[in-house]
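A short worksheet on the structure shown next.
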Amino acid sequence: MSDSIDSELPDDSERQPFLSTVVDEIDGGKSNDRNDEDVTGESFDAVPIARRQIGVISAVFLIFNRIIGSGIYATPAVILKASGSVGMSLVVWTVGALVAAAGTAVYIELGTGLPRSGGEKNYLEYIYRRPRFFATCMYSMYALFLCFSSANCVVFAEYVLNAFSIPPTRLNTRFVAVLSLTFAGILHGTSVRWGLRAQNALGFFKLGVLLSIACAGALAIAGAPGFRVDPSHASHNFDKGEVWKDTRLQANALINALYAVIWSFAGYSNANYALSEAKEPVRTLKRAAPLAVFSVTLVYMLVNIAYFAVVPKEEILDSNHIVAALFFRNLFGAATEKTLSIAIALSTLGNILSGMFSQARLVQELGREGILPHSVFFASSKPFGAPLAGITWQYTISCLVVLAPPPGDAYTFTLNLASYPLALINALIAAGLLFLHTRTSASFGYTWKAPFCAWTPAISFFFLSNVFLAVVPFVPPEKGKAEYEHLPYFLHAVVALVIIALGGVYWYVWCVLRPAHGGYVLERKVVVQEDGFSRNVFLREPRLSE
């Protein structure tokens, strides 16, 4: 256990964001890079200016790369099969975009109100203050053990192998997947600047590929030379009477479609994990997040329209190929499959880099809180000015998830295990923000004043959408539609809840049991590390007899 957490801290420590007092406690109230702005402004976190390298463009691609992986190349077929018609499919994508917009507004308000790295960790510990540090301990189990990048690494491996005509055996796939993790870990662990450049370059490439698909679809609709579809594969999806044909209104089918679309937009909070490294965090987040999510939404809708303009609905429903492959085949011939594989692989690599970048900083922030064992190790940015310790942890967990599970149910289970907790966290955050918007919050000591204020109905909509995501895994699937062949359909949700609950056990031992038996309390202090970052340490002070 670490030397942490004081169950007897004075009440004033709970009147502000968990570390908002950092800038007031360092060096007698004058940290090296602090100015006179309010703690809700650009200098909220005491981080050296030289460490703030993320500008608006980099923040945009942190979000853009995180949202868009390989899903847009395959998910439209899944949505069409669930919704039944082209028109209903586009409606479901629109609803997913509205959820993403509402979620973006929530995270902009919270991120500008608490502009430091860590994302949900900061928001949970600010809103759910009692028992003290309980929310942070619970969240730490999610951040340490359920944030891994294994799924996209395997997807990357499969498309790389296909591009080079190498059989995708279990050994080959896992080897290439681990190589992708190793590349991301070395790049981000040794150079923040080059890691951001690589992410930005892959983001531009990904955007270019998707806009090219959209433009090719528009040219096909216009009948431009070189973009005419062979009559044997002609699409009539937008003909009169075809758009809404075969629409499925069954609740279970629409739930499955909506569930898939909402997860396709997950990642709009990615810049919030690295705000301490943003040049002007409030300004950067307010500009980057809406721009990124708007770009994703526009690209998603245009690409869907392009797919439906070129590929007949029957081919999408009957084929085992991803819809993007059918699109390229119908327009440019089957020989373009290799090119598509390379494009999807690079798109997925951008997602891997973006995920490791943000997840490593989340681990580092937990280290800065002083809550983790060996916190000084996880909080450090040595020796390369990057959170190498957090990257090493995420790399290790991700490699284990890639290598350990056998194919089939176990692998699908790990994917769902990583996704499910985020719905619970988002629901708690949205509920908390709704509370902060009420006058009642002031009577409990909250003084919430963020530079951006989300529309309350949008917060409510986001809350309900995440309650939906949290409940759906416990709804029995249609016969023959279960994700698992041999496991209970709800198992990933139950296991995720158990892992998070272990944080409560850790909190009790650390914050209550050990201090009670040892006759001490833990006093929180703030120190500045050699790398210029501040972090919490907890000193054991004798418990005064009453």
Side-chain angles (χ1 to χ4, degrees), residues 54 56-79 89-108 111 119 151-152 155 199-215 217-218 257-274 284-308 322-324 327 343-344 346-355 357-358 419 422 426 454 458 461-462 465-466 469:
I54 300 175
V56 174
I57 297 299
S58 293
V60 166
F61 282 114
L62 269 176
I63 299 170
F64 189 85
N65 273 318
R66 188 59 174 159
I67 295 177
I68 301 181
S70 59
I72 187 58
Y73 301 101
T75 304
V78 176
I79 307 306
S89 175
L90 294 175
V91 168
V92 173
W93 278 99
T94 301
V95 173
L98 292 174
V99 173
T104 301
V106 167
Y107 274 92
I108 292 175
N152 283 307
V155 172
Q199 285 180 182
N200 293 350
L202 288 169
F204 275 114
F205 172 80
K206 185 186 305 187
L207 181 60
V209 169
L210 294 174
L211 288 178
S212 296
I213 292 175
C215 290
L258 186 58
Y259 192 76
V261 166
I262 291 176
W263 282 124
S264 295
F265 279 94
Y268 41 78
S269 63
N270 206 43
N272 292 60
Y273 297 118
T284 296
L285 186 62
K286 288 172 71 174
R287 295 187 178 189
L291 179 59
V293 174
F294 175 78
S295 299
V296 169
T297 301
L298 182 63
V299 166
Y300 273 0
M301 298 307 293
L302 291 177
V303 168
N304 269 282
I305 292 171
Y307 288 157
F308 293 136
I322 63 172
V323 65
F327 176 88
I344 296 177
L346 291 174
S347 177
T348 307
L349 181 60
N351 188 278
I352 294 168
L353 286 172
S354 181
F357 185 92
S358 59
S419 302
L422 189 56
N426 282 338
F461 179 57
F462 184 62
S465 69
N466 280 282
L469 291 175

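This is a predicted model, so every value here is computed, not measured. Just the heavy atoms: all of them, side chains too, but no hydrogens, waters or symmetry mates, feed the values below.
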Inset, instruction - Drop me the distance from I72's CD1 to S347's OG, to the nearest 0.5 angstrom. - result: 9.5 Å
Legend entry - Within-4.5 Å side-chain heavy-atom neighbours: Y268 and V296: no
Inset, instruction - Decide whether N270 and S354 meet the rule of one side-chain donor and one side-chain acceptor closer than 3.5 Å. - result: yes
Inset, instruction - State, with a plain yes or no, whether a side-chain heavy atom of V155 is found less than 4.5 Å away from one of Y73. - result: no
Inset, instruction - Decide yes or no for Y107 and L285: does some side-chain heavy atom of the first lie under 4.5 Å from some side-chain heavy atom of the second? - result: no
Legend entry - Passing candidate, side-chain contact (heavy atoms from CB on, under 4.5 Å) with I68, options V303, N351, L210, V209: L210
Give every donor-acceptor pair under 3.5 Å between a side-chain atom in residues 56-65 and any protein atom, sequence neighbours left out.
from	atom 1	to	atom 2	distance (Å)
S58	OG	N200	ND2	3.1
N65	OD1	K206	NZ	3.1
N65	ND2	F61	O	3.2
N65	ND2	Q199	O	2.8

Inset, instruction - Taking all non-hydrogen atoms of both residues into account, name the closest pair between S264 and T75 and its distance. - result: OG-CG2, 3.5 Å
Inset, instruction - Over all heavy atoms of both residues, which pair between N304 and P76 is shortest? Give the atoms and the distance, please. - result: OD1-CB, 3.3 Å
Legend entry - For the student: nearest non-hydrogen atoms of A306 and F327, plus distance: O-CE1, 3.5 Å
Inset, instruction - Calculate, to the nearest 0.5 Å, the distance between atoms OG1 and CD1 belonging to T284 and I54 respectively. - result: 8.5 Å
Legend entry - Between OG1 on residue T104 and CD1 on residue I67, distance to nearest 0.5 Å: 6.5 Å
Inset, instruction - Calculate, to the nearest 0.5 Å, the distance between atoms OG and CD1 belonging to S70 and I322 respectively. - result: 8.0 Å
Legend entry - Working for side-chain contact (heavy atoms from CB on, under 4.5 Å), residues V95 and V261: CA-CA 8 Å; V95 173; V261 166; over 6 Å; no
Legend entry - For Y300, all residues meeting ring pair (Phe, Tyr, Trp, His ring centres under 6.0 Å), sequence neighbours excluded: W93, F265
Inset, instruction - Mind listing the closest non-hydrogen atom pair of L302 and A214 along with its distance? - result: CB-CB, 3.7 Å
Inset, instruction - Return the minimal non-hydrogen interatomic distance between L258 and G96, and the atom names on each side. - result: CD1-N, 4.5 Å
Inset, instruction - For residues A105 and A454, report the shortest heavy-atom separation together with the two atoms involved. - result: O-CB, 3.6 Å
